[in-house]
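Only this structure's heavy atoms are used, side chains among them; waters, hydrogens and symmetry mates stay out.
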Amino acid sequence: ENGELFGRIVKINDSDASGGLAIGSEQSSKTLSSADRVDFCVTIEEDGDYEIAGYTKAPDFGSNSMYWTINGAPSAGMLWHMGVSNSYSFQRVSTGGSAFGGNPGEAISLSAGNHTISFYLRESDVQLDRIEVAPAKSSSGGGVVPRPAPTGTPVSPGVLGDLVTR
């Protein structure tokens with residue numbers, strides 16, 4: 001799917017990313033600015049609790065977080081700390097938690113319909129390859145699970161990777 005880029009969030013050519021593109025910034029901002037973000041529009045087919053995961057590259061503890069919102073809320077954003085990795089790794093989106101990453105994913109209640117998931121600049125050199133959305137884990141299973149990166153034809157300009165809703 002397409003992600004719409006704003007401000008200092010830019011496309012990054014990276015052969016390790018799915019489709020050869022990721023997003024990120026060489027700059028940082030310790031306060032959320034709606035001017036520096038990427039928006040993904042997702043369609044949820046039925047009301048329920050969902051998890052979001054991203055494939056991220058976070059080179060060190062000074063470059064391992066972003067802010068995020070759903071439909072622009074909360075206005076101050078939620079802080080997502082990722083585990084440090086110099087290659088793209090599967091990370092469940094969380095709210096705060098340990099600055100070292102590896103925090104459990106958040107179950108987010110979403111109604112059926114279109115929603116905008118936004119990721120905002122916080123720390124430099126964090127890269128986001130793609131995101132996935134899936135029903136949250138329950139006693140009967142579910143949740144976002146790692147899957148291989150798509151292969152084949154590289155994505156066209158403007159496409160940042162694939163966004164999967166299940």
same_hphob_cluster(Val93, Val126) at 4.5 Å side-chain heavy-atom cutoff: yes
Sub-4.5 Å side-chain heavy-atom contact between Glu4 and Arg37: no
Connected via hydrophobic side-chain network under 4.5 Å: Leu79 and Ile9: no
N/O donor-acceptor pair under 3.5 Å between Glu51 side chain and Arg92 backbone: no
Value rounded to 0.5 Å, distance of CG in Asn71 from OG in Ser118: 8.0 Å
Minimal non-hydrogen separation, Ser94 against Pro104, with atom names: CB-O, 3.3 Å
Pairing of Asp125 and Lys57 as salt bridge, 4.0 angstrom limit: no
Full working for side-chain contact (heavy atoms from CB on, under 4.5 Å) between Ile23 and Val10: CA-CA 5 Å; Ile23 59 106; Val10 297; over 6 Å; no
Test side-chain hydrogen bond (donor to acceptor under 3.5 Å, both in side chains) applied to Thr95 and Glu106, step by step: CA-CA 7 Å; Thr95 55; Glu106 301 289 326; 3.1 Å; yes
Over all atoms of both residues, closest heavy-atom pair of Asp129 and Ser18: OD1-OG, 2.8 Å
Tyr55 and Glu132, any side-chain heavy atoms less than 4.5 Å apart: yes
Nearest heavy atoms of Asp49 and Ala107, plus distance in Å: CB-CB, 4.3 Å
Phe6 and Asp36: CA distance, side-chain angles, deciding distance, side-chain contact (heavy atoms from CB on, under 4.5 Å) verdict: CA-CA 5 Å; Phe6 298 89; Asp36 300 315; over 6 Å; no
Counterpart residues, ring-ring contact (aromatic ring centres under 6.0 Å, His included), relative to Phe119 (two or more places apart): Trp80
Criterion side-chain contact (heavy atoms from CB on, under 4.5 Å) on Asn103 and His81, from CA distance to verdict: CA-CA 8 Å; Asn103 300 302; His81 287 290; 3.9 Å; yes
Closest heavy-atom pair and its distance - Ile12, Ser25: CD1-N, 4.4 Å
Side chain to side chain donor-acceptor pair (under 3.5 Å) partner of Glu123, the single match among Ser29, Ser63, Ser65: Ser65
Hphob cluster co-occupancy, Leu32 + Met78, side-chain heavy atoms under 4.5 angstrom: no
Check: Ile70 and Ile52 side chains under 4.5 Å, non-hydrogen atoms: yes
Asp39/Thr116 under side-chain hydrogen bond (donor to acceptor under 3.5 Å, both in side chains): CA gap, chis, key distance, verdict: CA-CA 6 Å; Asp39 291 343; Thr116 301; 5.9 Å; no
Flag, side chain of Asn64 to backbone of Gly83, donor-acceptor distance under 3.5 Å: no
Within-4.5 Å side-chain heavy-atom neighbours: Asp14 and Leu21: no
Ion pair check, Glu26 and Arg8, cut-off under 4.0 Å: no
CA sep, side-chain torsions, deciding dist, call: Thr43, Asn114, side-chain hydrogen bond (donor to acceptor under 3.5 Å, both in side chains): CA-CA 4 Å; Thr43 301; Asn114 293 330; 2.6 Å; yes
Residue pair His115 / Ile44, side-chain heavy-atom distance below 4.5 Å: yes
Pro74 to Thr69 - nearest heavy-atom pair and separation: O-CG2, 3.3 Å
Tyr67 with Ile131, same ILVMFWY side-chain cluster at under 4.5 Å: no
Same cluster (ILVMFWY, side-chain, under 4.5 Å), Leu128 and Ile108: yes
Trace of the side-chain contact (heavy atoms from CB on, under 4.5 Å) decision for Val42 with Tyr50: CA-CA 12 Å; Val42 298; Tyr50 291 83; over 6 Å; no
Shortest non-hydrogen separation from Ala22 to Tyr88 and the atoms involved: CB-OH, 3.2 Å
